[in-house]
Amino acid sequence: MKKLIPFSKLLFLIIALVLNSCSSSPEMKLSEAVLFPKPVSLIETNSSFQLTDQTKILVSNDSKVLFKAGNYLASLLNPATGFNLKTEIGSEKEVTNNIHLKISNLDTKFGDEGYKLRIDEDKISLEANSVEGIIRGIQTIRQVLPNEIEASNKIEQSWYMATGEIQDYPDYKYRGAMLDVARHFFSVDDVKRYIDLLAAYKLNVLHLHLSDDQGWRIEIKSWPNLTAIGGSAEVGGGEGGFYTQEQYKDIVEYASDRYITIIPEIDMPGHTNAALASYPELNCDGKATQLYTGIKVGFSTLCTDKEITYKFIDDVIGELAAITPGEYIHIGGDESHVTEMEDYIYFINRAQKIVLAHNKKVIGWDEIAHADLEENTVVQFWAKKENALKGIAKNAKVIMSPATKVYLDMKYDSLTKIGLSWAATIELDSAYSWTPETFVEGITKKDILGIESPLWSETIETMDDIEYMTFPRIIGHSEIGWTPAENRNWEDYITRLKKHRERLEIMDINYYNSNLLLE
Ligand code: ACM
């Protein structure tokens with residue numbers, strides 16, 4: 001006899017089928033998400049997760065920092081979606097439709113910054129060995145979402161993410177940018193926006209060039225004229241400015257919430273005219289210099305054989321170290337053309353000891369390799385490979401900042417309206433197509449701490465200028481620092497970058513729209 005399906009069962013089956021087809025997730029390919037820096041590995045599962053106003057951001061235990069990371073994710077997702085996503089304590093097993101952030105015990109290759117991101121149809125899991133890795137993975141979640149997620153106001157649309165798994169960790173542990181706030185001064189809000197833009201590409205250091213011939217930009221309570229006088233000028237005769245220690249601490253905290261370390265630089269013994277104009281006693285002839293608003297370099301020096309110079313440095317470094325949680329202080333050391341070499345070496349040796357006495361490690365531009373380097377002193381290669389090699393011979397690690405590749409103040413081509421070109425013009429292909437560990441013969445991977453892209457501001461006056469010179473070159477630099485050389489190539493990069501333009505526009509970044517992006 002034929003077995004009939006009871007009517008009620010049939011009805012149930014039909015309803016289930018209809019419901020299932022309504023809620024079924026559109027097929028999407030994770031490999032089509034445009035991700036910068038390119039992750040180490042990606043597996044796609046060809047379905048999708050939908051972010052809705054019911055999605056929960058879950059953290060497994062009541063770790064304060066993890067909870068804060070959840071709130072950071074919510075702050076990135078809420079404006080464009082118009083949702084009011086919140087972080088809650090809970091287990092991913094309790095509910096579906098959640099993004100679960102958790103600290104796990106991943107393989108050591110993931111280090112502090114690596115993460116595993118698993119996107120399923122009904123939930124997302126982001127795991128890392130530390131909150132730092134969670135913060136990096138959050139940037140990937142952002143990029144897997146549609147470009148419109150970067151909008152600052154509500155967009156009416158569905159928010160799907162392709163499913164699959166990404167495993168990711170950085171090639172280099174130091175991935176930085178430098179902003180020169182001395183030649184032109186930039187507000188706290190500008191610096192915070194810069195930090196946000198760097199964080200989106202998983203950079204982890206912002207080096208602030210806080211003093212130079214044209215301006216002194218950090219309050220030092222024991223030497224108030226540094227800002228009262230030295231802070232009052234800038235290139236071109238503008239009014240300059242400086243950060244109070246409270247403002248600096250606010251910047252440090254803002255950066256730290258994004259797991260970006262602030263490295264402050266006090267450039268010395270050259271590049272010191274702003275200090276020399278503020279205090280006559282720092283000059284060998286005892287006379288204060290005039291404030292300077294031009295763009296020449298190499299004409300100033302602290303008086304290296306006066307004791308007051310070292311008292312000055314001790315006070316400055318002491319105050320700065322007290323408000324800088326990061327492990328490094330940068331002492332500059334570049335282009336001290338009017339300091340005798342013997343005096344320069346004596347000075348750098350003493351300056352390093354002062355930094356160490358305040359429990360910080362030293363970074364200096366490559367010229368400092370002429371001095372005796374303390375254990376853990378880092379040499380920042382920018383110009384002379386002989387100096388970098390000399391540093392390595394003295395057991396120093398190197399930060400790679402070759403001016404011909406990563407100086408963000410270099411023009412893109414001869415038509416670029418701002419910027420300089422003394423090192424090179426740097427188009428997007430040149431900025432991307434190099435590898436730190438093969439760039440200088442004799443500098444190998446084990447010698448390199450990472451890479452850093454400096455933006456000197458002689459010709460940079462506004463946040464729009466900063467963005468124009470930085471983007472999109474820094475995206476390439478972020479990938480050089482993060483993605484192993486064997487996974488990178490120019491054709492693949494520029495193809496992805498063309499697709500990324502719309503996101504840059506939604507992020508309201510004043511980027512350089514190179515012909516290479518249009519071809
Ligand atoms: C430098 O560009 N003077 C480090």
Side-chain angles (χ1 to χ4, degrees), residues 174 176-184 205-217 234-235 263-275 292 294-302 328-339 341 344 347-348 351-352 362-371 373 377-391 396-411 418-426 431 436 439-440 443 449-460 466 469-470 473-474 477:
Y174 183 112
M178 185 207 85
L179 183 62
D180 171 9
V181 296
R183 269 51 175 276
H184 281 101
V205 167
L206 175 62
H207 162 188
L208 287 175
H209 183 76
L210 289 170
S211 69
D212 212 303
D213 291 320
Q214 298 86 345
W216 186 283
R217 308 299 181 206
E234 65 181 6
V235 167
I263 298 185
E265 176 184 354
I266 300 297
D267 202 348
M268 50 189 154
H271 288 278
T272 40
N273 186 69
Y292 180 68
I295 62 167
K296 292 203 186 97
V297 296
F299 60 87
S300 57
T301 185
L302 293 170
Y328 290 108
I329 292 205
H330 200 303
I331 60 166
D334 57 322
E335 297 174 314
S336 281
H337 300 323
V338 294
T339 321
M341 183 54 83
Y344 176 85
F347 176 89
I348 296 291
Q352 286 179 89
V362 173
I363 305 179
W365 297 105
D366 61 45
E367 291 95 322
I368 68 159
H370 291 291
L373 300 183
T377 289
V378 174
V379 169
Q380 186 165 11
F381 166 61
W382 67 282
K384 290 219 169 112
K385 36 189 174 189
E386 310 83 82
N387 289 344
L389 291 169
K390 198 179 279 203
K397 291 260 190 270
V398 175
I399 294 168
M400 296 296 283
S401 296
T404 53
K405 293 290 177 191
V406 300
Y407 265 32
L408 297 171
D409 57 316
M410 292 298 115
K411 291 176 185 285
I418 49 176
L420 302 171
S421 54
W422 58 263
T425 53
I426 310 178
F439 191 71
V440 175
I443 305 186
L449 202 57
I451 87 167
E452 184 185 293
S453 313
L455 178 57
W456 300 100
S457 65
E458 286 95 331
T459 67
I460 309 300
I466 291 179
M469 298 309 274
T470 303
R473 287 185 288 204
I474 196 97
H477 298 158

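In listed order, ligands and their atoms are each counted from 1. This structure is a prediction, so every number in the text was calculated from the model and none was measured.
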Contact summary for A182 and S211, nearest pair of heavy atoms: CB-C, 3.8 Å

Could you tell me which non-hydrogen atom of D366 sits nearest to which non-hydrogen atom of V379, and how far apart they are? CA-CG1, 3.5 Å

Pocket residues around ligand 1 (non-hydrogen, under 4.0 Å) come out as D334, E335, W365, W382, Y407, W456

Validation row: Q380, H330 side chains within 4.5 angstrom (heavy atoms): yes

Say whether E234 and H184, considering side chains only, have a donor N or O and an acceptor N or O under 3.5 Å apart. no

Is a side-chain donor-acceptor pair under 3.5 Å present for E367 with W382? yes

Indicate the ring-plane relationship of H207 and W365, choosing parallel, tilted or perpendicular according to the 30° and 60° boundaries. tilted

